[in-house]
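What you see below is based on every heavy atom in this structure, not just the backbone, and it leaves out hydrogens, waters and symmetry mates.
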Amino acid sequence: MNKEIESSLQKFKSGESTAEELLRVISTHSVESLGFANVDHERSARQGFPEVIFCINKTPAQVAAIAASIAKSGGTVLATRATKEQFAAVKKKLPAAVYHEDARVIFLRKKKTEQNASNHFALIVTAGTSDIPVAREAALTIEAFGHNVQTLFDAGVAGIHRLLRKSDLLAQASIIIVAAGMEGALPSVVGGLVAVPVIAVPTSIGYGAGAGGYAALLGMLNSCASNVTVVNIDNGFGAGFVAGTMLNGLNNKAMPL
């Protein structure tokens, strides 16, 4: 909880301030208006993670201002689909920020998070090497939550032995994310091998009839493996965020980051 809000609550309890003053402090700190954006500073208290910046169609200056606002409130900064130009603007305000070019993610952990000693981890599997950028976006999102991630890349159905030889790793994972393009068959195969949730991410990788990931999306939505659920095309962030909140529950962790 924000220190000023906590102090105001104590003053209200003791009768030193009015309800109106308390509401003013809460409203001031819960949303910060930047003119072009209203930054939600209380999101971490509600959802266990601060507001995440979706960078597409935002100017570098806008991304930098939002990132600085989140960091100032003590939150972890995570910005997806970011460009080098947007990162350069963020870096000027937040020198410790890091840009992961493969995932197009800007990351800054403002608060020190305790090392997660839990045995629970998310496993991220890709059908091909071309799916790795989406997988990396998912991995960085889970890591931003403070959870452990392992990866298994290029293990698609065209060479299914590459997946089967890692059956021990599949069995140990608490949650599995599977990113695949083309016909999108891999999540169903993985789902049939494990007893944990499988989050399928259709990617836009493939040839003409793949329709930019729609063939994979429809295949995954029609999976006969009952433990498979699906996010949007190329939405590594969405898969990672859901996996992060699920791991929060497994680790009994609900601390704001």
**Student:** Calculate, to the nearest 0.5 Å, the distance between atoms CG and CD belonging to Asn38 and Glu51 respectively.
**Tutor:** 9.0 Å

**Student:** Report, one line per pair, each donor and acceptor closer than 3.5 Å where one atom sits in a side chain of residues 96-106; sequence neighbours left out.
**Tutor:**
{"residue": "Tyr99", "atom": "OH", "partner": "Ala82", "partner atom": "O", "Å": "2.7"}
{"residue": "Glu101", "atom": "OE2", "partner": "Lys84", "partner atom": "NZ", "Å": "3.2"}
{"residue": "Asp102", "atom": "OD2", "partner": "Arg136", "partner atom": "NE", "Å": "2.8"}

**Student:** Same hydrophobic cluster for Leu163 and Phe153, using side-chain heavy-atom links shorter than 4.5 Å among ILVMFWY?
**Tutor:** no

**Student:** About how many Å separate CG of Leu152 and CD1 of Ile124, when rounded to the nearest 0.5 Å?
**Tutor:** 11.0 Å

**Student:** Got a second to check how far Phe145's CZ is from Thr76's OG1, nearest 0.5 Å?
**Tutor:** 10.0 Å

**Student:** Between Gln86 and Thr83 (side chain of the first, backbone of the second, donor and acceptor by atom type, cut-off under 3.5 Å), is there such a pair?
**Tutor:** yes

**Student:** What is the minimum heavy-atom distance between His41 and Ser73, and which atoms define it?
**Tutor:** ND1-OG, 3.2 Å

**Student:** Of the non-hydrogen atoms in Val198 and Gly191, which two are nearest, and what is the gap between them?
**Tutor:** CG2-CA, 3.9 Å

**Student:** Is a side-chain N or O of Ser223 found less than 3.5 angstrom from the main chain of Ala225, in a donor-acceptor match?
**Tutor:** yes

**Student:** If you round to the nearest 0.5 Å, how far is CD1 of Ile199 from CE of Met246?
**Tutor:** 5.5 Å

**Student:** Return yes if some donor-acceptor pair links the side-chain N/O of Thr126 with the main-chain N/O of Asp154 below 3.5 Å, else return no.
**Tutor:** yes

**Student:** Shortest non-hydrogen contact from Ala243 to Ile142?
**Tutor:** CB-CD1, 3.9 Å

**Student:** To check you understand the geometry: which heavy-atom pair defines the closest contact between Pro187 and Val228, and what is its length?
**Tutor:** O-CG2, 3.6 Å

**Student:** Under a 4.5 Å cut-off applied to non-hydrogen side-chain atoms, are Leu34 and Val39 in contact?
**Tutor:** yes

**Student:** Do Ser167 and Leu193 touch side chain to side chain, with heavy atoms closer than 4.5 Å?
**Tutor:** no

**Student:** With a 4.5 Å cut-off on side-chain heavy atoms, are Thr151 and Leu123 touching?
**Tutor:** no

**Student:** Just by distance, do the side chain of Ser69 and the backbone of Ala65 share a donor-acceptor pair under 3.5 Å?
**Tutor:** no

**Student:** Are Lys58 and Ile66 close enough that some pair of their side-chain heavy atoms sits under 4.5 Å apart?
**Tutor:** yes

**Student:** Could you list the cluster mates of Ile56? Members are the ILVMFWY residues connected by side-chain heavy atoms closer than 4.5 Å, either directly or through other members.
**Tutor:** Phe54

**Student:** Is the backbone of Gly219 close enough, under 3.5 Å, to the side chain of Asn222 for a donor and an acceptor to pair up by distance?
**Tutor:** no

**Student:** Any sub-3.5 Å donor-acceptor pair from Asn235's side-chain atoms to Gly238's backbone N or O?
**Tutor:** yes

**Student:** Give the minimum heavy-atom separation between Val201 and Ala239, together with the two atoms involved.
**Tutor:** CG2-CB, 3.5 Å

**Student:** Less than 4.5 Å apart, side chain to side chain, heavy atoms only: is that true for Ile53 and Ile70?
**Tutor:** yes

**Student:** How many angstroms lie between atom CG of Leu78 and atom CZ of Phe241, to the nearest 0.5 angstrom?
**Tutor:** 9.0 Å

**Student:** Group every Ile, Leu, Val, Met, Phe, Trp and Tyr by side-chain heavy-atom contacts under 4.5 Å, then state whether Val134 and Val242 land in the same group.
**Tutor:** yes

**Student:** If you group Ile, Leu, Val, Met, Phe, Trp and Tyr by side-chain heavy-atom gaps below 4.5 Å, do Val196 and Val189 land in one group?
**Tutor:** yes

**Student:** Could you give the side-chain donor-acceptor pairs of residues 168-183 under 3.5 Å, partners two or more places apart or in another chain?
**Tutor:**
{"residue": "Ser174", "atom": "OG", "partner": "His120", "partner atom": "ND1", "Å": "2.9"}
{"residue": "Ser174", "atom": "OG", "partner": "Phe121", "partner atom": "N", "Å": "3.4"}

**Student:** Would you name the heavy atoms of Ser188 and Cys224 that are closest together and state the gap between them?
**Tutor:** OG-N, 4.4 Å

**Student:** Under 4.5 Å between any side-chain heavy atoms of Ile132 and Thr129, yes or no?
**Tutor:** yes

**Student:** State whether the side chain of Asn227 and the backbone N or O of Val194 hold a donor-acceptor pair below 3.5 Å, judged by distance alone.
**Tutor:** yes

**Student:** Check the pair Val77 / Phe107 against side-chain contact (heavy atoms from CB on, under 4.5 Å), numbers first and verdict last.
**Tutor:** CA-CA 6 Å; Val77 174; Phe107 180 57; over 6 Å; no

**Student:** Can you check whether Tyr214 reaches Ile233 side chain to side chain, under 4.5 Å on heavy atoms?
**Tutor:** yes

**Student:** Taking atom NZ as the centre, does Lys93 end up with more than 12 heavy-atom neighbours from other residues, nucleotides or ligands that are less than 6.0 angstrom away?
**Tutor:** no

**Student:** Is the shortest side-chain heavy-atom distance between Pro50 and Arg43 below 4.5 Å?
**Tutor:** no

**Student:** Would you say the side-chain atoms of Asp234 and Ser204 include a donor-acceptor pair closer than 3.5 Å?
**Tutor:** yes

